[in-house]
Number of protein chains: 2
Amino acid sequence: MADSAPPATATRSERKHAAIVAAAAAVFLETGYDRASMDEIAARSGVSKQTVYKHFSSKDLLFVAVVTEMMDQAGAAVHQAPPQLRDRAELEAFLLDYGVRIQTVALTPGLMQLRRLVISEVQRFPELARELYARGAGRAIGAMGALFETLRDDGLLAFEDVAETASQLNWLLMGEPINRVMMLGNEAIPTPAEIKRHTGAAVATFLAAFLHPDQR
Amino acid sequence: MADSAPPATATRSERKHAAIVAAAAAVFLETGYDRASMDEIAARSGVSKQTVYKHFSSKDLLFVAVVTEMMDQAGAAVHQAPPQLRDRAELEAFLLDYGVRIQTVALTPGLMQLRRLVISEVQRFPELARELYARGAGRAIGAMGALFETLRDDGLLAFEDVAETASQLNWLLMGEPINRVMMLGNEAIPTPAEIKRHTGAAVATFLAAFLHPDQR
DNA sequence: TCCAAACTGAACTAGACCGTTCAGTTCCGT
DNA sequence: ACGGAACTGAACGGTCTAGTTCAGTTTGGA
């Protein structure tokens with residue numbers, strides 16, 4: 001019910017460890033930290049409670065380990081190499097592709113629920129929220145900023161504040177859907193067609209503001 | 001410790017009612033729904049537990065009443081009449097003022113914590129989250145869209161999709177700060193100077209994209 | 001093959017908390 | 001001023017949970 005198929009070659013202890021993390025992730029995401037019961041996590045792992053406490057000496061530590069693991073998995077799906085962009089058309093095509101991709105990856109039931117979970121425990125586990133922010137918006141904005149500086153050098157973009165500019169693109173793309181889905185629930189996750197339309201509008205606004213005058 | 005000075009002219013029952021709501025708001029905001037204890041709410045209200053249950057027959061109902069009340073109070077602080085804007089300079093000045101004002105009102109420790117609280121209970125009380133979204137971003141975008149249509153009629157703005165355009169302004173302004181503060185905590189609330197700078201950048205981008213060509 | 005480490009299953013401690021109850025007191029409208 | 005409604009304070013039932021303990025079983029490396 002909560003397996004991610006750990007390799008059968010692992011030792012028994014490793015298999016149990018993975019099963020506990022997987023079951024705990026499911027239970028925490030479904031019920032939140034407070035209502036998640038260690039007994040249910042043990043039952044769903046197919047493991048005794050004793051064993052759960054052998055691997056994770058408290059509910060707090062298990063929670064931190066589980067959330068960190070989920071962030072690792074989510075982060076692994078996002079990376080990509082910086083592209084070579086020669087003119088306005090290539091830039092626009094890249095931004096459209098990037099916008100669709102980042103929304104498709106981020107607006108996932110699991111990631112949105114993880115976000116809600118982390119926010120709901122921001123007081124008790126502030127370092128988890130910091131980490132999620134750093135790996136999400138922080139990372140995206142940083143990487144985009146680096147790309148923008150080369151594009152400015154190439155005379156494709158014109159702007160003053162890199163961080164502000166990259167942040168504006170990010171929130172033109174993500175602000176509306178991420179906040180709507182957070183509040184209205186995962187049923188409000190946009191369809192691919194909606195993502196494409198919204199991305200087109202956001203990229204148009206961005207280019208109207210930051211495309212270098214020579215490129216128009 | 002949690003009083004909002006209910007008028008002394010009210011009946012005893014009304015005073016107790018108000019005290020319960022105020023104390024419950026504080027406790028729910030501090031600890032979240034699950035960890036909030038009815039005993040502590042009663043104690044902080046200066047009221048017996050029996051009386052709490054006389055006014056609110058369950059923790060659920062008390063929570064809904066308290067959150068609704070907080071949303072009412074927050075919503076009352078936002079309204080304003082649609083302005084008359086004649087040229088580019090007036091429009092720009094209005095947008096700068098609007099941007100600063102909406103951020104100043106929304107990026108408040110109480111409102112941010114209310115947002116976290118509602119998000120953390122989105123599964124159990126989806127109607128509260130829907131309501132908060134409708135009264136927050138939904139209302140702001142709707143009102144701004146109505147204004148934008150008159151500005152288009154007046155030849156000040158040029159755009160295709162009203163809702164998308166109003167949403168873009170909203171998230172250019174609010175996306176970055178609201179999401180950063182949600183994750184990094186209320187210590188990350190921007191200073192007035194930061195709000196002003198960020199608003200200037202957002203409004204510049206918006207006008208670059210949507211100011212009518214005749215107005216440049 | 002053998003033994004230490006890991007695991008099982010179940011019981012148990014200790015505490016929190018919702019919602020109820022009760023006997024007695026205070027308030028307020030008529 | 002009086003009677004009913006609201007309130008107090010404390011206790012209690014019932015349920016749930018984190019974490020521990022224990023006696024016995026399984027596993028896997030040397």
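Protein chains get the first letters and strands the later ones, always in sequence-line order, with residue 1 at the start of each.
Distance, Asp60(B) CG to dC17(C) C1': 14 Å, rounded to whole Å. Atoms CG (Asp39(A)) and C1' (dT8(C)) sit 14 Å apart, rounded to a whole Å. The distance from atom CG of Leu61(B) to atom P of dG19(C) is 9 Å, rounded to the nearest whole Å. For the pair Lys59(B) NZ and dA16(C) P, the interatomic distance rounds to 14 Å; values are reported in whole Å. A straight line from NZ of Lys49(A) to P of dA10(C) spans 13 Å, rounded to a whole angstrom. One can place CE of Met38(B) at 17 Å from C1' of dG13(D), the figure rounded to the nearest angstrom. Computed from coordinates, the Gln50(A) CD to dA5(C) P distance equals 15 Å when rounded to whole Å. For Glu14(A) and dT27(D), the CD to C1' distance is 14 Å, given to the nearest whole Å.
Distances shown here put a side-chain N or O of Arg15(A) below 4.0 Å from the OP1 or OP2 atom of dG28(D). Note on Lys16(B): a side-chain N or O is less than 4.0 Å away from OP1 or OP2 of dT8(D). Under 4.0 angstrom from either OP1 or OP2 of dC7(C) there lies at least one side-chain N or O belonging to Ser13(A).
For Tyr53(A), the listed nucleotide lying nearest its side chain is dG19(D); candidates were dG19(D), dC18(C), dC7(C). Here the nucleotide nearest the side chain of Arg12(A), chosen from dA5(C), dC18(C), dC7(D), is dA5(C). Distance from the side chain of Thr51(A) is smallest to dC7(C) among dG28(D), dG19(D), dC7(C).
Across all strands, Lys54(B) comes closer than 4.0 Å only to sugar-phosphate atoms, never to a base (heavy-atom distances). Contact annotation for Ala43(A): no contact, since no heavy-atom pair falls under 4.0 Å across all strands.
Between Glu121(A) and Arg124(A), at least one side-chain nitrogen of the basic residue sits less than 4.0 Å from a carboxylate oxygen of the acidic one, meeting the salt-bridge criterion. A salt bridge is absent between Arg35(B) and Glu30(B): the closest approach of a Lys/Arg side-chain nitrogen to an acidic carboxylate oxygen does not fall below 4.0 angstrom.
Just one residue in the list Phe94(A), Phe159(A), Phe148(A) forms a ring-ring contact (aromatic ring centres under 6.0 Å, His included) with Phe206(A), and that residue is Phe148(A).
Position along DNA chain C of the nearest nucleotide to Tyr33(B) versus His17(A) favours His17(A) as the more 5'-ward residue. Summary of the strand contacts: Val52(B) and Ser58(A) both lie near DNA chain D, and taking for each the nucleotide with the nearest heavy atom, the more 5' one is attributed to Val52(B).
Of all heavy-atom pairs spanning Leu117(A) and Phe28(A), the tightest one is CD1-O, 3.7 Å.
Within a 6.0 Å radius of CD in Gln84(A), no more than 12 heavy atoms belonging to other residues, nucleotides or ligands are found.
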